[in-house]
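Per chain, numbering begins at 1; letters A, B, ... match sequence-line order.
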Amino acid sequence: MLKTQNSSVHQEGGPDLSSDRSQELKNLLAKRILLIDGAMGTMIQRHKLEEADFRGQILKNHPRDLKGNNDLLSLTRPDLIKEIHLQYLRAGADIIETNTFNGTSLAQADYGLEHLVFELNQKSALLAREAADQVMGENPGRICFVAGAIGPTNRTASLSPDVNNPAYRAVSFDQLVDSYFEQIAGLVAGGVDILLPETTFDTLNLKAAIFAIEKFFDEKAKRIPVMLSVTITDASGRTLSGQTIEAFWHSVKHAKPLSVGINCALGAHEMRPYIEALSKVADCYVSCYPNAGLPNPLSDTGYDETPAHTSSELEDFAKAGFLNIVGGCCGTTPDHICAIAEKIKAYPPRAIPELEPALRLSGLEPLTAGKDAPFLIVGERTNVTGSPKFAQLIKDEKYDEALKVARQQVENGANIIDVNFDEGMLDGEKAMTHFLNLIASEPDISRVPIMIDSSKWSVIEAGLKCVQGKSIVNSISLKEGEDSFLKQALLAKRYGAAVIVMAFDEKGQAATKDDKVRICKRAFKLLTEKAQMDATDIIFDPNILTVATGIEEHNTYALDFIEAVREIKAVCPGARTSGGLSNVSFAFRGNNAVREAMHSAFLYHAIRAGLDMAIVNAGVLAVYENIERELLELVEDVILNRRNDATERLVTYAEKVKGQAKTSAKEDLGWRKGTVEARLSHALVKGIVDFVEPDTEEARLKYPRPLDVIEGPLMDGMKIVGELFGAGKMFLPQVVKSARVMKKAVAYLQPYMEKQIDNVSNQPVFVIATVKGDVHDIGKNIVSVVLACNGYKVIDLGVMVNCDKILAAAREHNADLIGMSGLITPSLDEMISNAKEMERQGFKTPLLIGGATTSKAHTAIKIAPHYTGPICQVSDASLVVGVCNQLIHPEHSVAYAAELKKSHAKTQVSYRESMSKKANLVRLERAREKKFAPDWSQTRIDTPTQLGLQVLPNISLEEIIPFIDWSPFFWTWELKGLYPKIFDHEKFGEQAQELFQDAQDILKQIVKQKAFHARAVYGIWPANSVGDDVEIYRDSAGKDLLTKVHFLRQQKEKIDSPYYYCLADFVAPKSSGRRDYFGGFVVTSGFEVEKFAKHFENDNDDYNSILVKSLGDRFAEALAEMLHKRVRDTWNYGKEETFSIEELIREKYRGIRPAPGYPACPDHTEKQLLWDMLDADKTVGVSLTENFAMNPPSSVSGFYFSHPDSMYFAVGPIDRDQVHDYAQRKKLPIATVEKWLSPNLGYEPEDSGDLPLSLPPVHIPHLHLSET
Amino acid sequence: MREKTALWEQLAREKHLVMGQITQAAWQEAILSSAERLLNLGLQTAEVNKLIRAVDSANDLLFITDLFVATQLDFPLKPMPFQRLAQSVDNSPYSIGGWTAALELFAKWLEDHSSRCDLATQLGYLDCCVAAIQNKPTPPPLKDLLEEMLFLHGFDGARKI
């Protein structure tokens, strides 16, 4: 348990001034240079002890050899050890060290004596104390001190003993802490005056010792002075683990020791430069106890230097003012100490220097950031949340390449590297440990300090246990209150790390300047006063938030940050400031030129305000002076919020930059030098319409008949397109563009051909329609275009087409194939019904099924049994040509039809088999017992400021654009990936950029011409749940019932999840006595979408027509997201949000908006209730078809839930008992409910007339076993 | 340990009673062997028991145990995916038997492609398969769905061996 200053514990690291001996020690150190003793081992060696001496009586029968275990002699030869202490004291030593250099369980494990550790340390301390007291008795007025010697152990925490596995460690930080703690307990019990971890070869081992010491002091509420001593192992001036002396000091300074020094390994002469360096940077006393020169096996003591030699070297140190404590290590004897005492007595002690306040960090090398320090760059690329490349390398466990990323950051100038493994698929603690251990083996990386970055404290702690340098914790905050904040701060301090403090408090993230400053001031006071943290170890991150999002209140975000930095630096003296830079430009994802300019301009102003460091991609920062003038002005207008239209102007500029790039590619007109056939072919393959009319005219004049142009060069070009598309070398948008060229060429030729065009090569005929009750046609249109490109004559009957019309058209045009499309689930029933009708009318024409809700399984199991002709579900436009070609092929069609039947049969068998592995369904009663039931008396229910119906009849399109989620736009065009990463996709990247640019061009037209008419209706009403229904009231008293909405509950038996969810669970039950609220909405881009698209269709431009429709859908979805934000604000809880647009699109906010007909509330018929509540036909002009599809198609609807734990889920399979219950609640016949809920039925309804597929539902009895 | 063994023996009796398929002794052998290996991997006893209760067959239990062991061996840094598996199964319309059949097919596919992949990534891919058919009527068996997805979209989350 860590204690703050409010507890009755002394400041960490500082000596307990109430202790007499501590005070006497300080008094003496202020007056003169103190003497510490010499080597214990050297003195013991002189006695040439045998195995029996080491064993004594107590370990006579110990199974292992004990000779050489010098520490053991405190128990078995206490007389000898005491005598050595007396010799040193009589030689003049003020401080003697206990005989406990190897007194840890880790070191004693070599002898199998771990169990004696406490006793051994206690006894050693008592012996030394006895000797000291004896000499003090013999010399009244003299004070002698006992230092408990703590060796480095025989293992190293920063280095791997296995060259083939650099991440391996023979000892962990926690093992070291435990082992040291045990030793410290023995030493203190024996009465030592000082604790002295010494001969440190690995700073991480020493940090573990410091951690153990502080833990011990905290637990025992007692403190004694601490001396630290390191070993420089060779002439390179570094520790064995690679640190320079100054880096070492920065790593252990948090111990606030009485002294720090160097001992062992070198003789005084070789040690001089390092003692000199240490004496300049250490703001505590400095100790030095070298070996008696370098080892010489031929010498008696193993070392060369005589007392006279060593003492004169050390006299030089004293003369230079390096020393406060001096003595000897290996090879030195009481004679050496006596000689040193004599030589140094004339010199005053070193004066402790006053150092400039600075943030002092370290890797293998030190990093000191004082008042005039340059701006620090924290490399951001080793962060899985910010770098997809790094994330992938870690997921693939390609650590060598991941290390390269780290190395590049350092090579590109990063002063610190940020390391983050916050990814759901990773074990953060393990990944952090593994990666930091690897970094420790790479001196060119580990020379810089590490910023250990995680939102999980356990991951941060895992990281802190791996780094020997002084690192930065990123981050802590007041988000979870003061207790948790102080606890983490004290731990960070104990591990010897600086901290980044995010400007969050219990209410959330600070967005305004005032909030940022207020939170940082509060944190500063807590850290400096309660946690006693050095102000220089505090770094504030006042949150860089995204600007230019289109939301007015975001316009000041950059300025708020800059001004907050200025004030924080003034009111929190000594603290530093930092921030994650890339957030500021997030609105311009995909446009690196603008982003880099924004970063550079932002930093320019933030640094002037006092920003000390930022997390950036080292190496890609633009130079401020080199930013093009126009761009700089636009960017600074945004950053400094200088104009109301700053965002709009920068967006326009950004689009221009991209457009220019495209134009230059287009302007390469070398292809115009080819033959007319080559040019037409090129135009078709590249989708270029600019020259289609003159080229077609040239071809018309060259060929005997216009039809020859179509059958010749145009069809040849389209064949290439078809082949490239089939081979995956062309993508859907390109194919649709090619079709546009073809259509324009054919349209140009049409007046010259009259009837000829109907006879083109006996084209196969494909009749296609969106089925009755459904209005969605983007997928259908794409299939039409793709088939038309491949020589098919496509008869497109449009949307909401009943079966009679489809079959009549098929007869009229002698169709070779029929296609039926649909998006919503009820359309599937239409398809079944249509298939039955085709069978009844004797059709044998192949039937193609497509659309988002169709599936191979549904087609095989539910549709195929009703139609004897060939039937095939096509899931992807890229497959449709192959399927159609097979189905009409004169030789292959029969075999292909047989293959399809075989495939259906296989699917049916597989489905039957899977029924034996069908999920168990729990009874509805039991599912309701395990409902999600929060403590409603404690649940926060916010009261909306406005209740009832609200209509927004005309919403600005510009306002909606920032809310567009572009990823689904690319999916419509079968470009698979996430925006904006898709732009870097190896396969789709270039095409995605081109498509996006085209979309931006059309978007501009849409906005300029106000081509869409965005509108919305929403309402929030008082409500309560009653069972699985939600009652909605007109009045707050809940007396006037408006309507009742019905929901379904999960019934699939769970393995681990405690709840069986139903949306009604997220509304306060009537029985709770608390009034809750419930909402609903409908938004649309209007029929204007279809009208605008038609304009392009009339111009034979299917590409732009489909583009417009897909943008219509995006606008509707974006409007739904934007409206939800407005509704959350109205509901009051949204006002606390400070999410970026990206976070809003990812739905990180509280509350949900599920749509009827989708997984959480799968019954489409509930949409009618929503329509009645909102009067959506009249208020926004959106109607429902007989199958509950929304018309116009670019529309979105849903319910609103505000509960803090509300979430999306899938109801999944339900059982008969719930269907019966639901039918009763809705007062509908069971068969009707079964029809509408067919996707969710966990059983086969009795009158389904389908294949007898299922076994009767199985209810597994619940076995009442006690959980173990 | 004695208490745990008694509980597992009782579970074996109940599994035999409810599922049949094999003898009680065979269930017991499968449960004891799996439980011991799973505990050695660091699973909590409660998690082991939940898994035993959920499975429809002894073969499924042994297969899942093998998967966990293989994941630990091949990907020692990845977290043990019990909760990930339970979450995936609980959030889908499929039983653990359906998931096991799909994971068997996945293992075969990986073997055919000389690849290895940790279990959590496989579960992530299957979650996507499930998301793709959410609310589609007549969901196909998960293994068929997986087969179709692997055919249509491939899988680049594996490591070549």
Taking everything shown except A/Lys976 itself, do over 12 heavy atoms lie less than 6.0 Å from its NZ? yes
So, the part of B/Gln87 with a heavy atom under 4.5 Å from chain A: the answer is neither
Between the CD atom in B/Glu147 and the NZ atom in A/Lys856, the distance rounded to the nearest 0.5 Å is 6.5 Å
Bottom line for A/Leu1237: the part with an atom under 4.5 Å from chain B's heavy atoms is neither
Residue pair B/Asp144 / A/Tyr911, side-chain heavy-atom distance below 4.5 Å: no
Here the gap from B/Ile96 atom CD1 to A/Asn920 atom CG, rounded to the nearest 0.5 Å, amounts to 11.0 Å
key: Side-chain heavy-atom pair B/Val89, A/Lys1052 within 4.5 angstrom cut-off   = yes
So, the part of A/Lys398 with a heavy atom under 4.5 Å from chain B: the answer is neither
Looking at B/Glu29, I'd like to know if its CD atom is crowded, meaning that more than 12 non-hydrogen atoms belonging to other residues, nucleotides or ligands lie closer than 6.0 Å. no
Note: B/Gln83 and A/Asp1056 closest approach over all heavy atoms is CG-OD2, 4.1 Å
Bottom line for A/Thr433: the part with an atom under 4.5 Å from chain B's heavy atoms is neither
Between A/Ser1057 and B/Asp90 the two heavy atoms that sit nearest each other are N-OD2, 2.8 Å
